[in-house]
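The structure under discussion appears below in the form of structure tokens.
Computed over heavy atoms, backbone and side chain alike; hydrogens, waters and symmetry mates excluded.
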Amino acid sequence: RLGPGRGPSSPLARPMRRIRSDIIRGVAVPTVLTGTLYPPGAPLAKRLAPQPDGNAGGIVYVVEVRGGVHKDEYGHAPDAIAVANEAIRAGLQAAPIYYSVSAHDVFSELVHAAGVVGVVLRVGDGELPPFSRAQLDELLSSLRSAGKVVSAELHDVLQAAGLAPPRAATDGLRRHSSTRGLPTDDSAPRGVPLSVLQSLRDDARALQVVEGPPREWRSKFENPPSHRAAGEPLTTEDLRFELVRPRTAATEEALFEGLPAHD
């Protein structure tokens, strides 16, 4: 944390710092936060894409930590480069950066800067010692208070930047099937009835009082996967995996019983 004499404008907070200006246009990124982004001879999927031309919609950083077993050959979380590249394709400037307690101040300064829309987290449980994790969590809380998006899903950042539509809580609910008497043509009515949304809301509130299951879908970057604490509201992500997908799998339809009947 920033202590006396360690504020962003203090000379003590700015030693002779090595920086990179080739990653995010117009931003001096301290090298202590960066890793291998453009490995020679690597496939495009392992290389950070060129940043968008013109006035980008903002900046998003993919936050990871160094070390650990769940990393690719270049030291990144398995999908860190892919997430950054997806953000770039959407029109944001993006790059993975590493958090560490020793670089806490410069990291904080970078992610709190104007133009940063938010961060996408790729830091699994157990990847940081308890003290370091507490420092990171406090910093992330400060980011939220500053109006930045902190999420494990890029879509939330894209939505805040105006580059993606709001994701309905019932994402994936509507899937047409002729075997259920539902329309399959493109002219079919679209949308989800309010009653279905209200039902999901009520079920989510009921689930909120109990501890959630392990978030197995995060196992590629969290080891062990985290879980929702009892009393913690369900996120869109939790709602999808705790309610929507199990029902979809059980019925082989996407809550089709809640959709209006068609001839």
(Q) Using every non-hydrogen atom in the two residues, find where R144 and V150 come nearest and quote the distance to one decimal. (A) NH2-CG1, 3.4 Å
Q. If you take all heavy atoms of A95 and I23, which pair is closest and at what distance?
A. CB-CG2, 3.5 Å
Q) Hey, are the side chains of S142 and H112 touching, using non-hydrogen atoms and a 4.5 Å cut-off? A) yes
Q.
For the CD1 atom of I81 and the OH atom of Y38, what is their distance to the nearest 0.5 Å?
A. 8.5 Å
Q. With distance as the sole test, does R25 use its side chain to make a donor-acceptor pair with the main-chain N or O of Q93 at under 3.5 Å?
A. no
Q | Side-chain donor or acceptor of R122 paired with backbone N/O of V65 under 3.5 Å | A | no
Q: Could you tell me the separation between the OG1 atom of T34 and the CD1 atom of I24, rounded to the nearest 0.5 Å?
A: 11.0 Å
Q: Output yes when a side-chain donor or acceptor of D238 lies under 3.5 Å from a complementary backbone atom of T235, and no otherwise.
A: yes
Q. Say you draw a straight line from CZ of R47 to CG of N85; how long is it, rounded to the nearest 0.5 Å?
A. 10.0 Å
Q.
Run the side-chain contact (heavy atoms from CB on, under 4.5 Å) test on V119 and K148 for me, step by step, so that the C-alpha distance in whole Å, both residues' side-chain angles and the decisive distance to 0.1 Å come before the verdict.
A. CA-CA 8 Å; V119 298; K148 313 289 187 183; over 6 Å; no
Q: State the CG-NZ distance between L37 and K46, to the nearest 0.5 angstrom.
A: 13.0 Å
Q: Scan side-chain atoms only and decide if S108 and D105 contain a donor-acceptor pair under the 3.5 Å cut-off.
A: no
Q | Heavy-atom closest contact (L92 atom, G57 atom, distance) | A | CD2-C, 3.5 Å
Q. Any side-chain heavy atom of P96 within less than 4.5 Å of one from L48?
A. yes
Q. When rounded to the nearest 0.5 angstrom, what is the spacing between CD in Q159 and CG in L154?
A. 11.5 Å
Q. What distance separates L140 CG from R133 CZ, expressed to the nearest 0.5 Å?
A. 7.0 Å
(Q) With heavy-atom distances below 4.5 Å as the criterion, would you say the side chains of E242 and P213 are in contact? (A) yes
Q.
Give me the atom names and distance for the closest heavy-atom approach of V120 to A152.
A. CG1-O, 3.8 Å
(Q) Given 3.5 Å as the limit, does a donor-acceptor pair link the side chain of D72 with the main chain of G75, or not? (A) yes
**Q.** 4.5 Å side-chain heavy-atom contact, L110 and V27
**A.** yes
Q | Sidechain-backbone polar pair: E127 side chain, G68 backbone, donor-acceptor under 3.5 Å | A | no
Q: Report yes or no: does Q135 contribute a side-chain atom to a donor-acceptor pair with the main-chain N or O of H104 at less than 3.5 Å?
A: no
Q | Worked verdict on V32 versus F107 for side-chain contact (heavy atoms from CB on, under 4.5 Å) | A | CA-CA 9 Å; V32 68; F107 181 97; over 6 Å; no
Q: For residues I59 and V117, determine if any side-chain heavy atom of one lies less than 4.5 Å from a side-chain heavy atom of the other.
A: no
(Q) Check for me, please, whether Y74 and I88 land in the same ILVMFWY cluster - side-chain distances under 4.5 Å, paths through other members count. (A) no
Q.
I want to check something: taking the side chain as every heavy atom from C-beta on, are V123 and V63 in contact at a cut-off of under 4.5 Å?
A. yes
**Q.** Path from F131 to Y99 over hydrophobic side-chain contacts below 4.5 Å
**A.** yes
(Q) If you apply the rule side-chain contact (heavy atoms from CB on, under 4.5 Å), what do you find for I97 with V111, and how did you get there? (A) CA-CA 10 Å; I97 56 173; V111 297; 3.8 Å; yes
Q. Is any NZ, NE, NH1 or NH2 atom of the basic residue among K71 and E64 found under 4.0 Å from an Asp or Glu carboxylate oxygen of the other?
A. no
Q) Which pair of non-hydrogen atoms, one from V157 and one from G118, has the smallest distance, and what is that distance? A) CG1-N, 4.3 Å
Q.
For a quick test of reading the model, state the closest non-hydrogen atom pair linking V106 to P30 and the distance between them.
A. CB-CG, 4.2 Å
Q.
Aromatic contact between H76 and Y98, with the criterion being ring centroids under 6.0 Å apart: yes or no?
A. yes
Q: Take V60 and V116 through the test side-chain contact (heavy atoms from CB on, under 4.5 Å) and record every step on the way to the result.
A: CA-CA 6 Å; V60 57; V116 175; over 6 Å; no
